[in-house]
There are 2 protein chains.
Amino acid sequence: MKSESRKEEIIRAASILFKEKGYSAVTMRDLAKAMGIKAASLYNHIDSKQEILSTIIIELAEEFTTGMNQIVNSKVDAIKKLENIIDLHIDVTLRNSDGLASLNNDWMHLEEKNLQYFEKMRQEYEENFRAIVKNGVDREEIKPFNIEIMVFSTLSTLRTLYLWYPKQKNIDAEILKHDMISVLLKGMV
Amino acid sequence: MKSESRKEEIIRAASILFKEKGYSAVTMRDLAKAMGIKAASLYNHIDSKQEILSTIIIELAEEFTTGMNQIVNSKVDAIKKLENIIDLHIDVTLRNSDGLASLNNDWMHLEEKNLQYFEKMRQEYEENFRAIVKNGVDREEIKPFNIEIMVFSTLSTLRTLYLWYPKQKNIDAEILKHDMISVLLKGMV
DNA sequence: ACACAAAACTAACAATTGTTAGTTTTATAC
DNA sequence: GTATAAAACTAACAATTGTTAGTTTTGTGT
């Protein structure tokens with residue numbers, strides 16, 4: 001039997017190290033040292049290095065999938081949906097900005113099965129996003145700019161939040177949400 | 001004596017592999033196989049794996065630094081400067097999208113000296129960017145949104161271009177520049 | 001005090017890593 | 001066609017990798 005709480009500590013420590021150097025550059029001995037134990041002791045709590053990575057990434061990906069599905073099925077206009085997506089990203093970033101580094105940069109090191117699962121979720125997420133923007137353009141709620149560029153531009157900013165937000169000292173989450181909506185949706189000129 | 005052209009071939013091949021799996025996950029044997037030779041043969045052309053990484057990253061960073069300095073010193077308004085920065089990113093991305101993956105994700109694996117040099121260039125780049133936006137807000141050319149958010153949002157999109165643009169088949173560079181300026185500067189609502 | 005599980009340890013493994021040394025092949029110049 | 005340089009090769013190294021086996025220590029409930 002594995003102690004869930006100790007396992008979670010390991011995964012949290014791993015998230016930080018993976019964020020700093022990437023999955024491949026972090027050794028089990030690095031992780032053990034961060035935990036104050038020997039490498040072999042990690043295996044009392046986890047099955048493999050790969051399990052740590054997949055736990056971090058898949059949990060987060062499922063959070064995004066769940067959140068996006070709720071938004072897609074809600075009966076609000078396209079702008080409001082985009083606002084809710086921005087909220088979703090900010091919420092997840094606040095809760096686990098370290099893990100998001102792995103999701104963004106180390107997903108390709110997932111093994112076969114989880115890699116496919118992840119890529120499917122990511123693709124569906126992007127398609128949902130694109131559909132919302134497209135719908136907004138069709139209903140003339142959103143300006144008729146190039147849809148792919150609007151999707152890419154917004155999503156790349158939201159995906160990179162994990163790098164930027166932890167460094168900001170004096171920005172409250174609610175203010176961030178408000179300002180991010182302004183910048184991303186209203187533009188700056 | 002080292003053949004420059006063969007060396008460049010190796011660096012180009014390495015850029016592609018680094019983009020796919022990251023610097024740490026690519027072995028010299030992987031790189032050799034991609035070149036159709038044995039790992040030891042690579043060392044007739046390059047000094048170390050580290051040299052490959054630093055060549056890729058430092059060259060690109062210097063391109064950005066040079067480009068930004070020209071823009072900063074030009075006598076145009078803030079909006080035009082931002083447009084020129086967008087152009088700069090698109091030009092560099094078109095020329096070397098593979099290398100940009102290393103610059104974005106593997107800079108932390110640079111050794112001491114080059115790491116410091118890179119971090120200095122990156123910091124100055126961001127400060128120049130921020131100063132341009134701030135100046136634009138002061139002159140009322142740019143809306144008075146949160147400056148940090150505007151800088152982060154724009155820069156994160158431009159930095160992620162390398163992931164997105166190669167997948168777009170039917171977007172001409174000039175059209176991309178135009179549309180990107182619209183989306184980033186004029187907003188979509 | 002005793003039993004039992006949780007969590008640490010030591011020691012070691014087979015494979016893989018970047019790199020070097022020394023040698024042979026291939027191409028170029030005269 | 002011989003000399004020279006460029007570019008490949010084979011073989012090996014010392015270090016590091018993820019992981020396993022087996023053992024000891026620590027903590028908890030009765």
Side-chain angles (χ1 to χ4, degrees), chain A residues 1-58 102 105-115, chain B residues 1-58 102 105-115:
Chain A
M1 270 306 156
K2 301 216 172 110
S3 156
E4 271 306 287
S5 112
R6 197 73 175 126
K7 182 172 181 172
E8 281 164 10
E9 280 184 63
I10 291 172
I11 288 172
R12 191 150 35 82
S15 299
I16 294 171
L17 294 180
F18 291 169
K19 175 174 184 170
E20 287 168 357
K21 310 179 12 176
Y23 174 74
S24 302
V26 175
T27 72
M28 295 303 275
R29 285 163 182 85
D30 290 337
L31 178 54
K33 184 168 275 181
M35 293 289 297
I37 60 177
K38 298 289 175 179
S41 304
L42 294 168
Y43 289 85
N44 286 319
H45 309 283
I46 52 112
D47 290 335
S48 63
K49 189 186 180 189
Q50 171 67 213
E51 187 204 4
I52 299 176
L53 182 69
S54 57
T55 302
I56 293 171
I57 294 180
I58 299 297
S102 297
N105 300 318
D106 283 321
W107 57 266
M108 73 286 284
H109 299 116
L110 289 172
E111 65 188 354
E112 185 79 356
K113 224 172 121 73
N114 276 323
L115 178 59
Chain B
M1 272 306 154
K2 303 226 171 96
S3 154
E4 271 307 286
S5 113
R6 197 74 175 126
K7 182 172 183 173
E8 280 164 10
E9 280 184 63
I10 291 173
I11 288 172
R12 192 149 35 83
S15 298
I16 294 171
L17 295 179
F18 291 170
K19 175 174 184 172
E20 287 168 358
K21 312 183 3 178
Y23 174 73
S24 301
V26 175
T27 71
M28 295 303 275
R29 285 163 182 85
D30 290 337
L31 178 54
K33 183 168 276 181
M35 294 289 297
I37 59 177
K38 298 288 176 181
S41 305
L42 294 168
Y43 289 85
N44 285 320
H45 309 283
I46 51 112
D47 290 336
S48 64
K49 190 186 180 190
Q50 172 67 214
E51 186 205 3
I52 299 176
L53 182 69
S54 57
T55 301
I56 293 171
I57 294 180
I58 299 297
S102 298
N105 300 318
D106 283 321
W107 57 266
M108 73 286 282
H109 299 117
L110 289 171
E111 65 189 353
E112 185 78 356
K113 222 172 122 70
N114 277 323
L115 179 59

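All values below come from the heavy atoms of this structure, side chains included, with hydrogens, waters and symmetry mates left out. In what follows, chains are A, B, ... by sequence order, proteins preceding strands, each numbered from 1. Since the model is a prediction, treat every value here as computed from it, not as a measurement.
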Between atom [atom1] in [X] and atom [atom2] in [N], what is the gap in whole Å?
{"X": "Lys49(A)", "N": "dT19(D)", "atom1": "NZ", "atom2": "P", "value": "8 Å"}
{"X": "Tyr43(B)", "N": "dA21(C)", "atom1": "OH", "atom2": "C1'", "value": "14 Å"}
{"X": "Asp47(B)", "N": "dT20(C)", "atom1": "CG", "atom2": "C1'", "value": "13 Å"}
{"X": "Asp30(A)", "N": "dT17(D)", "atom1": "CG", "atom2": "P", "value": "7 Å"}
{"X": "Arg29(A)", "N": "dA11(C)", "atom1": "CZ", "atom2": "P", "value": "14 Å"}
{"X": "Met28(A)", "N": "dT20(D)", "atom1": "CE", "atom2": "P", "value": "10 Å"}
{"X": "Lys7(B)", "N": "dA7(D)", "atom1": "NZ", "atom2": "P", "value": "12 Å"}
{"X": "Met35(B)", "N": "dA7(D)", "atom1": "CE", "atom2": "P", "value": "10 Å"}

Find out whether [X] and [Y] are in side-chain contact, i.e. whether some heavy atom of one side chain is under 4.5 Å from a heavy atom of the other.
{"X": "Tyr23(A)", "Y": "Met108(A)", "answer": "no"}
{"X": "Ile57(A)", "Y": "Asn114(A)", "answer": "no"}
{"X": "Lys7(A)", "Y": "Glu51(A)", "answer": "yes"}
{"X": "Ile52(B)", "Y": "Leu31(B)", "answer": "yes"}

Non-hydrogen atoms of Tyr43(B) and Ser48(B) that approach each other most closely
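In terms of heavy atoms, the two residues are closest at CE2-CA, 4.1 Å.
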Identify the two heavy atoms, one from Ile46(A) and one from Lys49(A), that lie closest to each other, and give their separation to 0.1 Å.
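Closest approach of Ile46(A) to Lys49(A), heavy atoms only: CD1-N, 4.5 Å.
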Is the shortest distance from a Lys or Arg side-chain nitrogen in Arg6(B) or Glu9(B) to a carboxylate oxygen in the other one below 4.0 Å?
yes
Sort me out a list of protein N/O and nucleotides 8-10 of chain C N/O pairs below 3.5 Å, or just none if empty.
unit_1 : atom_1 : unit_2   : atom_2 : d
dA8(C) : OP1    : Arg6(A)  : NE     : 2.9
dA8(C) : OP1    : Arg6(A)  : NH2    : 2.5
dA8(C) : OP2    : His45(A) : NE2    : 2.7
dA8(C) : N7     : Asn44(A) : ND2    : 2.3
dC9(C) : OP2    : Lys38(A) : N      : 2.5
dC9(C) : OP2    : Ser41(A) : OG     : 3.0

Among side-chain atoms of Asp30(A) and Thr27(A), is any donor-acceptor pair under 3.5 angstrom?
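Distance-only check passes for Asp30(A) and Thr27(A).
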I'd like to know if the side chain of [X] reaches the main chain of [Y], judged simply by a donor and an acceptor atom lying under 3.5 Å from each other, with no hydrogens or angles considered.
{"X": "Lys38(B)", "Y": "Arg29(B)", "result": "no"}
{"X": "Glu111(B)", "Y": "Gln50(B)", "result": "no"}
{"X": "His109(B)", "Y": "Lys21(A)", "result": "yes"}

Identify, residue by residue, the members of residues 16-27 of chain B with a heavy atom below 4.0 Å from DNA chain D, and return them in order of residue number, or none.
none
Could you go over nucleotides 23-28 of chain D and give all protein N or O partners under 3.5 Å, atom names and distances?
none

